[in-house]
Amino acid sequence: MSLFWLLLFCAHLAIASSLVKFEDNDLRNKKQDGMYLDLYHVTKSTSPFTFSDMFKKDEEHVRYLKSRLDNKEDVRISGTTSSSDKVRGPKPVSIPLKSALSLASGNYYVRIGLGTPAQYFSMIIDTGSSLSWLQCQPCKVYCHDQVDPLFNSSTSKTYRTFPCSSPQCSSLKGSTLNDPGCSSKTGTCVYSASYGDSSFSFGYLSQDVLTLTPSETLSSFVYGCGQDNQGLFGKAAGILGLGNDNLSMLAQLSNKYGNAFSYCLPTSFSASSSKEGFLSIGTSSLTSSSSSSYKFTSLVKFPNKQSLYFIDLTSITVAGIPIGVAASSYKVPTIIDSGTVITRLPMPVYTALKEAFVKIISKKFAQLPGVSILDTCFKGSVKTMSEAVPEVQLIFQGGADLSLKAHNTLIEIKNGTTCLAFSGSSGFNPIVIIGNYQQQTIKVAYDVANSKIGFAPGGCQ
Ligand SMILES: *[C@@H]1O[C@H](CO)[C@@H](O)[C@H](O)[C@H]1NC(C)=O
Ligand SMILES: *[C@@H]1O[C@H](CO)[C@@H](O)[C@H](O)[C@H]1NC(C)=O
Ligand SMILES: *[C@@H]1O[C@H](CO)[C@@H](O)[C@H](O)[C@H]1NC(C)=O
């Protein structure tokens, strides 16, 4: 893995037009074999949101998930599930969640506070990664443009870093798949989180007070104080990792609230992308009055890959009719992920879905050339087409389903051009990723303690 990233780095460096050498030895990434890797920073201008950028980043996120899948060392750290199973918080903590479109990202963010006194930040939630981090003063190498003022750890009375010998530092390998580094000057643990060929964060492993709501705080939240941050995250301050791993925010909150969370992602890319959903943490968030409406499917266990959430897709129907591919075509690793926008399907499954869909829609709407990763587009808007759009259902083992409305199935990428919001996953090792566009407005419950995922319609707008 280290070699893989090193090679990607080299490729990256070779094409980078503007390199600034990082001279502080502090953040050199010490490799176990004694090799040192200097860190470089690629100067990049930040630009407003475009679909083509978003699709590029989405592809990168898919590559990141695939690389996690291919890596043999993605060890889930045992002990979180069972210990928190018994705990049921009196009430869940629920915080508003919004589309990060205004932050130039196709993801979703929540506002949380960090430090004493609390400083507040817009953080992308990501079920596909575990370590949380945010951009941190003095940004020794690079911080991208963000909407909030940067976190200044020296103004927080409760901030501290971890020594290299701490168990938290040893947990980094399992959470990030990268070996921790160690600052030669201060003996401070250095994390490196990488998400793709141009997305990463490096910095100090730290701890501080996390404020979820004014009345709900976690006194010793472990996260990364990022000194070099690039890539996928638009103008967000950082990432909250909700993966199933003992450094994730979920694991850290599970002692208090139980090992479960739920969310509802509001619609995005529409006129009013200021709509609000929620992120709710705690076992009791799944047993509210509405819990009866959840239909559950079991989490699938992949040896050594349990920090990601795998489920088992068994069929897809269009207007109630199965798209007619062999059951074996669905038998690939299937990840449900908040950080991928567009759902990826193995090519034979995607092709069958597309054909069934086009057969119905093309009677009324002319087809247009594809755009980026979306190859099935029509002349029309989601609104004008919604009458004609057949229901698409993704059906999971045990009968749970995602019943998709027009706003989950179609995406209007420019005025009058609307595309089927699915893509075939290219390359070797086919994989299914259930992306966030297909989860919009549906309540999704991650009952990690009981190893199941549930869906319920009508969770938010
Ligand atoms: C961070 O806070 C410290 C202490 O208040 C202050 O001296 C320093 O200038 C701040 N750093 C930045 C970059 O604002
Ligand atoms: C996480 O689990 C690993 C492996 O069991 C352990 O070495 C590490 O100390 C744990 N980390 C924390 C922060 O509890
Ligand atoms: C979008 O297209 C419709 C009809 O094709 C037109 O009436 C409308 O003015 C267009 N809107 C924009 C923002 O270009």
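Remember, it's a predicted structure, so these values are computed and weren't measured experimentally. Counting starts at 1 for both ligands and their atoms, following the listed order.
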Asker: Can you list the ligand 1 atoms lying under 4.0 Å from a non-hydrogen atom of Asn152?
Answerer: 1 (C), 2 (O), 3 (C), 8 (C), 10 (C), 11 (N), 12 (C), 14 (O)
Asker: Within a distance of under 4.0 Å, is there any protein heavy atom near atom 9 (O) of ligand 1?
Answerer: no
Asker: When you measure from atom 2 (O) of ligand 1 to the protein, is at least one non-hydrogen atom found at a distance under 4.0 Å?
Answerer: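 Yes, there is a protein heavy atom closer to it than 4.0 Å.
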Asker: Is the centre of the Phe422 ring less than 6.0 Å from the centre of the Tyr437 ring?
Answerer: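 Ring-ring flag for Phe422/Tyr437: false, centres at least 6.0 Å apart.
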Asker: Return yes or no for this condition: an N or O of Thr155 is under 3.5 Å from an N or O of ligand 1.
Answerer: no
Asker: Could you walk me through whether Cys136 and Cys225 pass disulfide (SG to SG under 2.5 Å), step by step?
Answerer: CA-CA 5 Å; Cys136 214; Cys225 182; 1.8 Å; yes
Asker: Quick one: pull up CD in Gln135 and CD in Gln230 and give me the separation to the nearest 0.5 Å.
Answerer: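 The distance works out to 9.5 Å.
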Asker: Please state whether Ser154 comes within less than 4.0 angstrom of ligand 1, counting heavy atoms only.
Answerer: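 Flag set, Ser154 near ligand 1.
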Asker: Flag the pair Tyr108 / Tyr263 as yes when their ring centroid distance falls below 6.0 Å, and as no otherwise.
Answerer: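 Centroid separation for Tyr108 and Tyr263: 6.0 Å or greater.
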Asker: Enter the distance from Arg160:CZ to Ser153:OG here, rounded to the nearest 0.5 Å.
Answerer: 13.5 Å
Asker: Just which atoms of ligand 1 are under 4.0 Å from any heavy atom in Gln137?
Answerer: 12 (C), 13 (C), 14 (O)
